Amino acid sequence: GATVATLQGLLVLIICLLAGFRPVNWLMLPLAVIFMIMTAIVFAGLGVAIGSQLQDMQGFQLIMNFIVMPIYFLSGALFPLTDLPSVLHFLTRIDPLTYGIDGLRNILIGTSQFSLELSFGVLALAALVFVGLGSYSFSKIEL
């Protein structure tokens, strides 16, 4: 799952580069790929953790859409995270996708709300937690 997501992200990046997008520093593109890979690993781990607990695949799609859409909307991918109410401000800070998006923004266009180190650290921690939780849940499946 993480490989497919990373390849899709790379495809979008290549199309954007061909269409005229220019990053602030071309040498930072490998770091952008690392952020894509880490973000993909976080959500692949989350998917495995949730999927391991469910009995049928129809329920998995429903639960994932119920979880993924708020995560996406609260990440700042569609709108800036400035001037949010305090509840939404808190939710954006615990959303791992916020740090993936912000890290990519920092690398590609040079603007961000968090430092690159903080974004990387939060993604690394979320990846460890979700992959660990996913592998533990997967190991407990009974056929």
Side-chain angles (χ1 to χ4, degrees), residues 1-82 84 87-143:
T3 304
V4 170
T6 302
L7 290 175
Q8 290 172 343
L10 286 173
L11 182 62
V12 170
L13 179 63
I14 291 168
I15 290 170
C16 289
L17 292 172
L18 293 174
F21 171 74
R22 298 294 173 250
V24 282
N25 186 352
W26 286 90
L27 297 176
M28 297 288 280
L29 281 180
L31 188 57
V33 173
I34 289 172
F35 265 83
M36 281 188 232
I37 291 168
M38 288 181 60
T39 304
I41 288 171
V42 166
F43 289 100
L46 177 65
V48 170
I50 292 171
S52 298
Q53 302 297 319
L54 300 175
Q55 299 298 323
D56 61 346
M57 288 304 293
Q58 293 81 12
F60 176 72
Q61 291 298 324
L62 179 69
I63 298 292
M64 286 308 292
N65 282 331
F66 185 71
I67 291 172
V68 168
M69 293 309 289
I71 287 173
Y72 176 64
F73 287 127
L74 289 171
S75 71
L78 299 176
F79 55 88
L81 297 176
T82 56
L84 291 174
V87 171
L88 291 179
H89 184 69
F90 171 74
L91 291 175
T92 60
R93 297 301 185 254
I94 62 171
D95 181 1
L97 187 57
T98 300
Y99 297 94
I101 297 289
D102 195 67
L104 284 172
R105 270 198 191 120
N106 191 344
I107 293 165
L108 296 174
I109 62 175
T111 182
S112 65
Q113 290 188 328
F114 311 112
S115 69
L116 200 56
E117 295 82 13
L118 177 65
S119 295
F120 186 83
V122 169
L123 275 179
L125 180 65
L128 286 172
V129 168
F130 286 139
V131 169
L133 187 63
S135 62
Y136 176 76
S137 298
F138 193 75
S139 70
K140 297 296 180 187
I141 293 177
E142 294 182 18
L143 297 175

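Note that the coordinates shown come from a computational prediction; the quantities given were computed from them, not determined experimentally.
Looking at heavy atoms from C-beta onward, F114 lies out of side-chain contact with V122 at the 4.5 angstrom threshold. For the pair F138/Q53, no side-chain contact is recorded, criterion being any heavy-atom separation below 4.5 Å from C-beta on.
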*May I have the step-by-step check of side-chain contact (heavy atoms from CB on, under 4.5 Å) for Y72 and L78, ending in yes or no?*
CA-CA 8 Å; Y72 176 64; L78 299 176; 3.2 Å; yes
*side-chain contact (heavy atoms from CB on, under 4.5 Å) between F73 and L88, intermediate numbers included*: CA-CA 11 Å; F73 287 127; L88 291 179; over 6 Å; no
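Counting non-hydrogen atoms of other residues, nucleotides and ligands closer than 6.0 Å to CZ of F43 gives a total above 12.
Taking both residues in full, the closest heavy atoms of G103 and L116 are given as O-CD1, 3.8 Å, listed atom of the first, atom of the second, then distance. For the residue pair A2 and A40, the shortest heavy atom distance occurs at O-CB, 3.5 Å. A pairwise comparison of heavy atoms in R93 and Y99 identifies O-OH, 2.8 Å as the closest pair. Nearest heavy-atom pair across P96 and F130 is CG-CE1, 4.1 Å.
Note: F66 CZ to I71 CD1 = 11.0 Å, rounded to the nearest 0.5 Å. The distance from the CG atom of L128 to the CG atom of L133 is 12.0 Å, given to the nearest 0.5 Å. Atom CG in D102 sits 10.0 Å away from atom CG in L123 (nearest 0.5 Å). With rounding to the nearest 0.5 angstrom, the OG1 atom of T39 is 6.5 Å from the CG atom of L97. With rounding to the nearest 0.5 angstrom, the CG atom of L118 is 11.0 Å from the CD atom of Q113. Expressed to the nearest 0.5 Å, how far OG1 of T92 lies from CD1 of I101 amounts to 12.5 Å.
The backbone N or O of V131 sits nowhere less than 3.5 Å from a side-chain atom of Y136 that would complete a donor-acceptor pair.
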Per-pair distances, 0.1 Å, donor-acceptor, side chain in residues 15-36, under 3.5 Å, sequence neighbours excluded:
| unit_1 | atom_1 | unit_2 | atom_2 | d |
| --- | --- | --- | --- | --- |
| R22 | NH1 | L17 | O | 2.8 |
| N25 | OD1 | L27 | N | 3.0 |

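The side-chain hydrogen bond (donor to acceptor under 3.5 Å, both in side chains) check on Q8 picks up nothing, with sequence neighbours excluded. With sequence neighbours excluded, the residues forming a side-chain hydrogen bond (donor to acceptor under 3.5 Å, both in side chains) with S112 are N106, listed by chain and number.
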